[in-house]
Q: 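Can you read through this structure? Questions will come right after.
Numbers restart at 1 for each chain; the letters A, B, ... are given by sequence-line order, proteins then strands. Note that this is a predicted model, so its numbers are computed, not measured.
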Amino acid sequence: MTTTIFPRILTVRIQPALAVASIVGALVATAMALLWAPPDANQGEVQRIMYVHVPSAWLAYLAFVVVFLASVGWLWSRRPVFDAVAVASAEIGVLFTGLALVSGSIWAKPTWGVWWTWEPRLITTAVMFVMYVGYLLLRSLSTDMDRRATRAAVVGIVAVLNVPIVHLSVTWMNALHQLPTVLRAGGAPAIDERMLATLIVGVVAFTLLYAWMLLARVSIERQRQERVMREQA
Amino acid sequence: MLRRVLLVAGREARADRRQADGLVAAITFMAVLVLLLSLVVGPHVARERGVAPALFWVALLFAAVITAQRSFERELADDALDGVLALPGGRDALYAGKLLAIAGSLAAVALIGGLLQLVFLDLDVALPGHLAIAAALGVAALPPIVVLDVVLTLRLRARAALVPILALPVLLPQLVAGTNAVTAAIAGDEPTAVAWSLLILAFGVIYTVLGLTIVPTAIE
């Protein structure tokens, strides 16, 4: 197995900087979401859940695309750092997919009248959640490092096909979930400017949080890999 | 390459003839599910639009898992897997050959299970040709993912539980497309049947190409 040292600059300099930036970002986003952005004309205050729900869903997409890229990287180069990135990103992705499902459910109860309904976006998101729980389960059952990484990489590549399915499910099928408001085809974002600004700040804050968590988790995973390799040597 | 793939598929077919327990288990499983559903929900509900096709595809998926797992267990029991992998191009041939062989076994399961449903539930099919095409496409579209997951979990403890956990979510588009295509074929809605059949074909092609590209590297 090829070894790669996790660059110290990432853990010593960049990781603390990301921690500070993500905490500041989260505080600013929370203040904007609760105090500055106006309530929705139809949904009222409950719409503010969007400022957690949408960034969570975005992070889930981002995390699983990173799992895919890291999986390709592992199969291509067999460098353990790619496997560390894949597992770190998958764990964060599962966490934020869960958060997107829970926050969506809390929003759905006062808006739709039910905690859960069988509609395409919800089902495909739940399926994506189960898929990556399966990915982590597969990893946990494998003991050999190389084999675990290879098995997981194959699943990480196949599972990413679900990301566009989740995103486009509302346009492909008759859905109760609202259509894309910001990233919609052929038009400007159909949202109030202050709401849009708050949403963008939220997405940036969550992305910084993801980068921080990813670096921290990769650092732990690399130490674990080094320890296992020393024990095997 | 094609010769080696056909050799693996032929070897699999011969093994199935001599020791047909996997195939028999899959067919029996399908028949039991058809009977149980009719008994549990009652024949009127079972005949409702979409119910029988949904059951057919879910049962066929589990039958694919049973067939693929049995096929690889046979290889492990006889240490035959190592021999195939040692051949030049053995990994690619093993994956592609297994796909062919398992699709063949599934075709038999689908035919028998489908006929049982048609007879027991007294279903009238408006477009039998479209139904046959949708079923054939589904039979070809399920094995790439099922075989991939069986290969990945080959030497793991909990593989019996892990394969459905990994395969079912990935195969959701094929299950939805298959159910809708067959429902439309039964109801006589030709454009819908064709559209959903094309979706099965598209996912089948994507997963087959993906499987042929990456699975050989994962075979241990």
Q: Nearest 0.5 angstrom please: B:Leu166 CG to A:Arg151 CZ, how far?
A: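 Reported value, rounded in 0.5 Å steps: 11.0 Å.
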Q: Taking A:Leu138 as the fixed residue, which of B:Leu162, B:Asp149, B:Ile165 is the one that meets the side-chain contact (heavy atoms from CB on, under 4.5 Å) rule?
A: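 Exactly one candidate clears the test, B:Leu162.
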Q: If you look at every heavy atom in A:Val130 and B:Pro169, which pair is closest and at what distance?
A: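 Heavy atoms of A:Val130 and B:Pro169 come nearest at CG1-CG, 4.0 Å.
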Q: Please report the interatomic distance CG(B:Leu152) to CZ(A:Arg148), rounded to the nearest 0.5 Å.
A: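 Output value for this atom pair is 14.5 Å.
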Q: Would you say that more than 12 heavy atoms from the other residues, nucleotides or ligands in this model lie under 6.0 Å from the CZ of B:Phe62, or not?
A: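 Not buried by this count: 12 neighbours or fewer within 6.0 Å.
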Q: Which residues in residues 86-94 of chain A have any heavy atom closer than 4.5 Å to a heavy atom of chain B?
A: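 So far as heavy atoms go, nothing in residues 86-94 of chain A approaches chain B to under 4.5 Å.
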Q: Got a second to check how far A:Leu161's CG is from B:Leu210's CG, nearest 0.5 Å?
A: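 Here the interatomic distance stands at 6.5 Å.
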Q: Identify which part of A:Leu141 has an atom lying under 4.5 Å from any heavy atom of chain B, answering side chain, backbone, both or neither.
A: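 Contact with chain B: backbone and side chain both.
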Q: How long is the span from the OG1 atom in A:Thr150 to the CD1 atom in B:Ile214, to the nearest 0.5 Å?
A: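 A:Thr150 atom OG1 to B:Ile214 atom CD1 measures 11.0 Å (nearest 0.5 Å).
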Q: Does any backbone or side-chain atom of B:Leu168 lie under 4.5 Å from a heavy atom of chain A? Answer side chain, backbone, both or neither.
A: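 The answer is neither part of B:Leu168.
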Q: To the nearest 0.5 Å, tell me how far A:Ile157 CD1 sits from B:Leu148 CG.
A: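 It comes to 10.0 Å.
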